[in-house]
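Below: one structure, written as structure tokens.
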Amino acid sequence: MEPREHGGNPKGLSGMLDFSANVNPLGLPPKAREALLDSLDGWHAYPDPYAQALTTALAEIEQVPAPWIQLGPGAADLIFRVALGLRPRRALTLAPTFSEYGAALTAAGCQMDYHLLLAEQRFALDDSILERLDGSFDLVVLCNPNNPTGQTAEPELLRRILARCQEQRALLLVDECFNPFLDFPEQHTLKPLLGEYPNLLLLKAFTKLYAMAGLRLGYLLCADGRILRRLQEVSPSWSVSTPAQVAGLAALSDQDYLERTRSLIPRERRWLREGLEHLGLQVLGGEANYLFFRCEQPQPLAPRTQRHGVLIRSCENYPGLDAHYNRVAVRTRSENERLLQVLEQSLREEI
């Protein structure tokens, strides 16, 4: 069976400059790398099944009670836990958005409905979604900022959606994995409302911010202990490995790494956006560490850049999009310069 297509899938394309996966270009935090090397002799033993040290550190960082945190081997695993543990009958998510929501829920026998984001509105979420919340959904899933568009929803709209879901006894799962890359992340999180809304679940991960995609580490926040117990019941024991726990704990203490990230990403995002627009590409969104754009040329752009050693993410397999739409990660200046050179060359090849 072919896996679902995402960015960052090399398929034997090693050596390529990869802009298809939205991972921190600084790589693994130095403190995490050092901690992993120092912990090698302990990898023969089973990991702490409760990840107590990491959970305690996360509770302090996130400023939430430790019992509100559930860890897992990546955000995708936690999405499947929600589907299998809560077994919603009918769910609503966006189109386009991250495909794992629909895949997980469909696998669990859930009926999926999609709220279509419109190109003429630059794929921004607006209050028309409130009309869809008619009491028939058990679960609503949003990604904020959305993937692949990079668009954030207005905070007041999110609060209205959350309140509407609570009125209708529906759960709201909000994927905030890209929130740390926003210019003002605290303005776009629903975390302060967790205690007030037990129907709220927030999804976070070490994957993007700490460049730990291969180690697999994510976590979910929810104030309702009953929900978290149901998710734990469908999770295998020792699901978070010792290396993931060690690296995660060390990464949380690497403040220098975070400061360098928060300096690099906004600067390079602005620079890369200007470069894409200078090439005649229509940049439609990108508030996090990736940019979403449209190429008007009839032939797909991604295969052409690949021939020149650069991978970009074609968005043709997202519902509501086609091969004209692409997504690129924000990387370092030298890498971004290379991307623009390859894009310019590839665009000339079409003519």
Side-chain angles (χ1 to χ4, degrees), residues 2-28 96 98-99 119 122-123 145-151 178 181 207-209 211-214 260-261 263-351:
E2 288 293 320
R4 290 179 294 279
E5 292 292 336
H6 296 292
N9 183 3
K11 290 198 225 177
L13 301 176
S14 59
M16 293 275 183
L17 182 53
D18 190 1
F19 282 83
S20 71
N22 307 321
V23 176
N24 193 325
L26 296 179
L28 195 66
F98 187 45
S99 64
R122 302 176 72 87
F123 300 98
N146 194 23
N147 177 11
T149 67
Q151 301 272 22
F178 290 104
F181 293 107
T207 304
K208 313 299 183 181
L209 179 60
M212 288 171 54
R260 288 189 292 131
T261 298
S263 172
L264 172 74
I265 296 299
R267 180 179 68 246
E268 290 304 312
R269 184 176 61 226
R270 289 190 295 269
W271 187 88
L272 183 56
R273 181 186 191 109
E274 291 173 0
L276 294 173
E277 291 174 339
H278 181 74
L279 292 175
L281 299 168
Q282 183 185 12
V283 180
L284 297 167
E287 299 176 49
N289 65 327
Y290 52 96
L291 294 169
F292 174 65
F293 66 91
R294 178 179 172 86
C295 175
E296 294 296 340
Q297 292 184 348
Q299 295 301 314
L301 187 56
R304 287 180 273 160
T305 67
Q306 183 177 315
R307 288 198 295 268
H308 297 289
V310 173
L311 296 177
I312 67 173
R313 176 65 160 95
S314 169
C315 295
E316 62 184 315
N317 68 334
Y318 282 89
L321 301 180
D322 57 35
H324 291 290
Y325 295 95
N326 300 273
R327 189 194 70 199
V328 292
V330 176
R331 300 192 60 84
T332 64
R333 178 59 59 91
S334 62
E335 292 171 320
N336 295 335
E337 287 175 343
R338 176 61 181 157
L339 171 65
L340 293 180
Q341 291 169 358
V342 166
L343 283 171
E344 183 176 20
Q345 185 175 1
S346 300
L347 290 167
R348 284 201 308 266
E349 291 172 353
E350 172 67 15
I351 299 172

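Every value quoted in this text rests on a predicted model; they were computed, and no experiment measured them.
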Close side-chain approach of S20 and I312, heavy atoms under 4.5 Å: no
E335 (side chain) donor-acceptor with D18 (main chain) under 3.5 angstrom: no
All side-chain contact (heavy atoms from CB on, under 4.5 Å) counterparts of E344, not counting sequence neighbours: L279, R348
Backbone N/O of A211 and side chain of N24: donor-acceptor pair under 3.5 Å: no
Sidechain-backbone polar pair: N146 side chain, P96 backbone, donor-acceptor under 3.5 Å: yes
Minimum heavy-atom distance L28-M212, with the two atoms named: CD1-CG, 3.4 Å
Flag, side chain of R294 to backbone of Q282, donor-acceptor distance under 3.5 Å: no
Smallest separation among heavy atoms of A323 and N326, with atom names: O-ND2, 4.0 Å
Nearest-0.5 Å distance that lies between atom CG in L272 and atom CZ in R331: 11.5 Å
Minimum-distance pair of heavy atoms, taken over all atoms of L347 and C295: CD2-SG, 3.8 Å
Gap separating the CD atom of E349 from the CG atom of L301, nearest 0.5 angstrom: 9.5 Å
Closest non-hydrogen atom pair between A329 and A21, with its separation: CB-O, 3.4 Å
Min side-chain heavy-atom separation L291-R269 under 4.5 Å: yes
Closest non-hydrogen atom pair, A213 against V23: CB-CG2, 4.4 Å
Any donor-acceptor pair under 3.5 Å from R304 side chain to L343 backbone: no
CG-CD distance between L281 and E296, expressed to the nearest 0.5 angstrom: 9.5 Å
Nearest-0.5 Å distance, CD1 of residue I265 to CZ of residue F181: 5.5 Å
Electrostatic pair R333:E337 at N-O distance under 4.0 angstrom: no
Exam field: side chain R327 to backbone T149, donor-acceptor pair closer than 3.5 Å: no
Pairwise side-chain contact, W271 with L340, heavy-atom cut-off 4.5 Å (strictly under): yes
L311 side, atom CG; L17 side, atom CG - distance, nearest 0.5 Å: 8.0 Å
Short side-chain to backbone donor-acceptor contact, T305 and A302, under 3.5 Å: yes
Minimal non-hydrogen separation, V283 against E277, with atom names: CG2-CG, 3.7 Å
Qualifying ring-ring contact (aromatic ring centres under 6.0 Å, His included) pairs with a residue from residues 272-314, counting only residues at least two apart or across chains: F123-F292, F178-Y290, F292-Y325
Side chain to side chain, P148 and R313, heavy atoms closer than 4.5 Å: no
Under 3.5 Å: donor-acceptor pair, side chain of R338, backbone of S334: no
With E274 via side-chain contact (heavy atoms from CB on, under 4.5 Å) - residues at least two apart: none
Between CG on residue N289 and OG1 on residue T261, distance to nearest 0.5 Å: 9.5 Å
